[in-house]
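Here's the structure we're looking at; comments come further down.
Protein chains get the first letters and strands the later ones, always in sequence-line order, with residue 1 at the start of each.
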Protein chains: 2
Amino acid sequence: MASKHSHALPRAAKELLDDALARHGLRGTRHRDLIFGSLLARRDHPTAEEVFVRVKAMAPTISLATVYNCLETLVQCGLVRAVNHERDATRYCPNLSEHAHFHDRRTGRIYDVDLPEDVVERLKELLPKGYEADSLELNFHGRSAMEKGRAEKATAST
Amino acid sequence: MASKHSHALPRAAKELLDDALARHGLRGTRHRDLIFGSLLARRDHPTAEEVFVRVKAMAPTISLATVYNCLETLVQCGLVRAVNHERDATRYCPNLSEHAHFHDRRTGRIYDVDLPEDVVERLKELLPKGYEADSLELNFHGRSAMEKGRAEKATAST
DNA sequence: AACAGTAATTAGAATTATTCCAATTACAAG
DNA sequence: CTTGTAATTGGAATAATTCTAATTACTGTT
Ligand SMILES: [Mn+2]
Ligand SMILES: [Mn+2]
Ligand SMILES: [Zn+2]
Ligand SMILES: [Zn+2]
């Protein structure tokens with residue numbers, strides 16, 4: 001059976017987390033570790049509820065409110081992105097590189113799509129004078145091929 | 001004072017609407033007319049609630065459920081786009097040309113940004129093999145200049 | 001170690017946007 | 001005028017998220 005540390009944060013991630021929290025005057029806690037770790041361990045853009053059930057394996061008494069709190073904290077610290085699609089539950093993504101999302105209509109799964117910096121710049125040039133975008137969000141909708149073995153993401157990066 | 005027809009649909013729009021409804025086996029009704037008309041009359045991406053209050057001026061007994069129903073019908077018929085931003089209330093847009101949205105953080109207002117077909121094609125090329133997007137959604141977030149007189153949209157098109 | 005001050009966590013209530021439901025009303029065709 | 005179907009309605013129900021008012025856990029001091 002899996003040890004208590006099967007989802008422990010890799011040293012680098014742990015440092016990233018503690019640093020970001022410190023910079024924001026926040027404490028490193030077991031729950032924040034676990035939740036960030038669970039996002040890194042399985043990058044399938046889970047909802048808060050899904051994170052809740054995953055993390056309960058290691059911290060059976062954690063509350064859903066705490067999961068929401070921690071996820072919001074991670075987003076505030078810039079370690080995690082909140083991903084929305086229509087009015088569905090918000091999903092969470094620890095991929096820090098600039099990327100778009102592909103939403104598979106058939107499966108509901110979300111895949112990361114690398115978004116080169118120059119493309120982002122090109123897109124911002126579409127804006128009329130007087131409109132300054134500090135960020136943009138790009139979502140594709142469609143079907144992915146998905147043979148027998150399904151990959152979890154289109155690209156792998158952090 | 002404004003006549004009962006101050007927001008009557010222009011003939012062209014009326015035809016567009018009745019056509020689309022017919023093609024979907026749906027009836028043309030006063031409420032659908034009014035709601036589509038109100039979207040065309042003021043293209044500021046209103047929420048269902050906002051449409052509700054606007055349309056009550058001409059149909060004081062209309063219900064919010066009907067507004068939701070009609071908006072959904074218009075979306076299904078391809079006459080209107082639903083626009084989402086984070087978890088905010090869905091907004092509705094009758095601009096049928098391919099376009100992106102600019103969300104002004106300061107005012108909360110949403111502006112249309114023309115999205116040339118070739119840019120759309122270029123973006124779809126970012127997808128790895130096996131990923132077929134039938135649509136994409138592009139949102140900018142930032143600040144618009146906004147001098148004293150505020151324009152309602154960055155571009156004007158239907 | 002006890003204390004004080006603050007931050008994190010918690011269970012459950014509250015909120016919000018939206019959808020559902022069951023009952024009425026409006027049409028359209030025969 | 002019937003009869004069948006679609007549209008509308010008010011109110012209840014839902015779902016995700018946020019809020020609240022404790023409790024608990026830390027972090028530094030005495
Ligand atoms: Mn271990
Ligand atoms: Mn008239
Ligand atoms: Zn992602
Ligand atoms: Zn628009």
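- No donor-acceptor contact under 3.5 angstrom links the side chains of B:Gln76 and B:His24, judged on distance only.
- In this structure, A:His31 reaches the C:dT9 phosphate: one of its side-chain N or O atoms is under 4.0 Å from OP1 or OP2.
- When the C1' atom of D:dT9 is taken as reference, atom NZ of B:Lys56 falls 13 Å away, rounded to whole Å.
- If you measure from atom CG of B:Leu26 to atom P of C:dA28, you get 13 Å, rounded to the nearest angstrom.
- A straight line from OH of B:Tyr68 to P of D:dA12 spans 18 Å, rounded to a whole angstrom.
- Comparing A:Leu64 and B:Asn69 by the nucleotide of DNA chain D that holds the closest heavy atom to each, the one mapping nearer the 5' end is B:Asn69.
- Where B:Thr90 and A:Gly28 meet DNA chain C, the nucleotide closest to each residue was compared, and A:Gly28 sits on the side nearer the 5' end.
- Using a 4.0 Å heavy-atom distance criterion, B:Thr66 is classed as a base contact.
- An OP1 or OP2 oxygen of C:dT9 is reached within less than 4.0 angstrom by a side-chain nitrogen or oxygen of A:Thr29.
- Distance CG (A:Leu71) to P (C:dT9): 12 Å, rounded to an integer number of Å.
- There is no side-chain donor-acceptor pair under 3.5 Å between A:His141 and B:Asp134.
- The existence of a salt bridge linking B:Arg32 and B:Asp18 is excluded, since no basic side-chain nitrogen approaches an acidic carboxylate oxygen closer than 4.0 Å.
- Aromatic rings from B:Tyr111 and A:Tyr131 are positioned such that their centres are separated by under 6.0 Å.
- As judged by a 4.0 angstrom heavy-atom cut-off over every strand, B:Ala89 is placed among residues touching the sugar-phosphate backbone only.
- Residue B:Thr47 is out of contact with every strand shown, counting any heavy-atom pair closer than 4.0 Å.
- Residue A:Asp88 is out of contact with every strand shown, counting any heavy-atom pair closer than 4.0 Å.
- The phosphate of D:dA7 has OP1 or OP2 within less than 4.0 Å of a side-chain N or O from B:Arg32.
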